[in-house]
Chemist: 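Attaching a single structure in structure tokens format; questions to follow.
Excluded from the calculations below are hydrogen atoms, water molecules and symmetry mates; all remaining heavy atoms, backbone and side chain alike, are included.
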Amino acid sequence: NGHVMMERATAQCGEGSIDASLTLEKDDLELALTGHKLPLSNRFVNVLHSNASEKLYSAWNWLNPAGTVDVDMRVTHISGDSNLYLEVVPNVIEVNSPTATTMLDRERGSIVVENSNVFLNDLEFEFQSDTGELGSLEMMGEVFGSSDDFNFSINAILDKVGLSSPLTR
């Protein structure tokens, strides 16, 4: 009858875990996924709509972040209309450069993706570099990834960051 349902499927991913549910009915799809302590992939930027991911790809690779994140994702394709909702809560993020490594420990905030738009919701990190520097990073803003009107506004406040930090790239 063209109906498939999967509920409460679980998987391990490194030290992290995934819980997922999926419903397929003819051409309609609903996927819900929750992940805890998932490894941050260098392909994360490709989750975004191609117009946004193409523009953010070089910045993402420039920072080359690693670490773990918690994820809440909903994907639907109903009556020809597709939607993506993704909330990413970073746990610990590592940013590297040829001369230093900086560990960012999230104090608050999240990253929310709604279709081709990305929102940095009151993110604050405390950081420590392998050179002993301590400081903080606060980020707020949005990226509107529509192919018709790509634009962004991101505000960041770095406190006590040294010139050797990868965050100054």
Side-chain angles (χ1 to χ4, degrees), residues 10-20 31-75 84-146 149-169:
T10 61
Q12 292 299 118
C13 184
E15 294 183 22
S17 63
I18 297 172
D19 297 308
L31 170 68
L33 182 141
T34 303
H36 299 283
K37 293 189 178 179
L38 298 177
L40 183 59
S41 168
N42 61 355
R43 292 186 285 170
F44 171 73
V45 73
N46 295 327
V47 170
L48 304 175
H49 186 274
S50 63
N51 188 58
S53 66
E54 289 168 7
K55 291 186 171 65
L56 296 174
Y57 185 80
S58 62
W60 183 262
N61 285 327
W62 185 40
L63 291 171
N64 192 24
T68 64
V69 295
D70 294 338
V71 172
D72 180 25
M73 182 169 81
R74 307 280 180 262
V75 177
L84 166 67
Y85 173 86
L86 172 67
E87 181 175 24
V88 177
V89 179
N91 294 312
V92 175
I93 305 297
E94 179 179 298
V95 179
N96 295 292
S97 75
T99 59
T101 298
T102 298
M103 299 298 289
L104 297 142
D105 190 10
R106 185 188 64 87
E107 296 291 313
R108 69 173 188 260
S110 67
I111 301 160
V112 173
V113 177
E114 294 178 352
N115 298 318
S116 61
N117 301 321
V118 180
F119 303 94
L120 305 174
N121 291 335
D122 200 24
L123 282 166
E124 181 179 355
F125 297 92
E126 295 296 318
F127 67 81
Q128 180 173 357
S129 75
D130 57 358
T131 61
E133 296 170 325
L134 300 172
S136 65
L137 168 64
E138 294 180 52
M139 295 177 68
M140 295 163 273
E142 57 267 336
V143 177
F144 296 102
S146 164
D149 185 27
F150 179 86
N151 64 75
F152 64 93
S153 172
I154 298 174
N155 296 309
I157 300 170
L158 282 167
D159 185 34
K160 299 180 184 173
V161 65
L163 292 177
S164 65
S165 170
L167 298 175
T168 61
R169 290 190 273 168

Chemist: To check you understand the geometry: which heavy-atom pair defines the closest contact between I111 and P90, and what is its length?
Modeler: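 Nearest pair, atom of I111 first, then P90: CD1-CG, 4.4 Å.
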
Chemist: Would you say V112 and S110 make side-chain contact, with heavy atoms under 4.5 Å?
Modeler: yes

Chemist: Just wondering, do T10 and I18 contact through their side chains at under 4.5 Å, heavy atoms?
Modeler: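 In short, these two side chains do not touch, never coming nearer than 4.5 Å.
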
Chemist: Begin with the C-alpha distance, continue with both residues' side-chain angles, and end with the deciding distance and a verdict on side-chain contact (heavy atoms from CB on, under 4.5 Å) for L84 and V113.
Modeler: CA-CA 7 Å; L84 166 67; V113 177; 3.9 Å; yes

Chemist: So do F127 and V95 actually touch side chain to side chain, heavy atoms under 4.5 Å?
Modeler: no

Chemist: Step by step, would you call M139 with I154 a side-chain contact (heavy atoms from CB on, under 4.5 Å)?
Modeler: CA-CA 7 Å; M139 295 177 68; I154 298 174; 4.3 Å; yes

Chemist: Can you tell me if E15 has over 12 outside heavy atoms packed within less than 6.0 Å of its CD?
Modeler: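 No, the 6.0 Å shell around CD holds no more than 12 heavy atoms from other groups.
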
Chemist: Can you see which heavy atom on L40 is nearest to which on P65, and at what distance?
Modeler: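 Heavy atoms of L40 and P65 come nearest at CD2-CB, 3.9 Å.
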
Chemist: What I'd like to find out is whether the side chain of L33 reaches to under 4.5 Å of the side chain of D19, using heavy atoms alone.
Modeler: no

Chemist: Might you point out which heavy atoms bring T68 and I93 nearest each other, and give the distance in Å?
Modeler: O-CD1, 4.1 Å

Chemist: For the residue pair R108 and D122, establish whether any side-chain heavy-atom pair is separated by less than 4.5 Å.
Modeler: yes

Chemist: I'd like to know if the side chain of S136 pairs up with that of E126 as donor and acceptor (distance under 3.5 Å, no hydrogens or angles considered).
Modeler: no

Chemist: Taking the side chain as every heavy atom from C-beta outward, state whether D72 and L86 have any pair of such atoms under 4.5 Å apart.
Modeler: no

Chemist: May I ask you to check whether over 12 heavy atoms, not counting those of F152, lie within 6.0 Å of atom CZ?
Modeler: no

Chemist: Which pair of heavy atoms, one from A156 and one from L137, lies closest together, and at what distance?
Modeler: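 That closest heavy-atom pairing would be CB-CD1, 4.2 Å.
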
Chemist: side-chain contact (heavy atoms from CB on, under 4.5 Å) for M140 and L120? Distances and angles first, verdict last.
Modeler: CA-CA 5 Å; M140 295 163 273; L120 305 174; 5.6 Å; no

Chemist: Any salt bridge between E114 and R74, counting N to O under 4.0 Å?
Modeler: no

Chemist: Measure the CD-CG distance between E87 and N121 for me, rounded to the nearest 0.5 Å.
Modeler: 7.5 Å

Chemist: Could you tell me whether K37 and D70 make a salt bridge, using a distance below 4.0 angstrom between a side-chain N and a carboxylate O?
Modeler: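 Salt bridge flag = no for D70 with K37.
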
Chemist: If every non-hydrogen atom of T102 is compared with every non-hydrogen atom of S129, which pair is closest and at what distance?
Modeler: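 So the two residues come closest at OG1-CB, 3.7 Å.
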
Chemist: To the nearest 0.5 Å, what is the distance between CG (D105) and CD (E124)?
Modeler: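 Reported to 0.5 Å precision, the distance equals 10.5 Å.
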
Chemist: Are E142 and V118 side-chain neighbours, meaning at least one heavy-atom pair lies under 4.5 Å?
Modeler: no

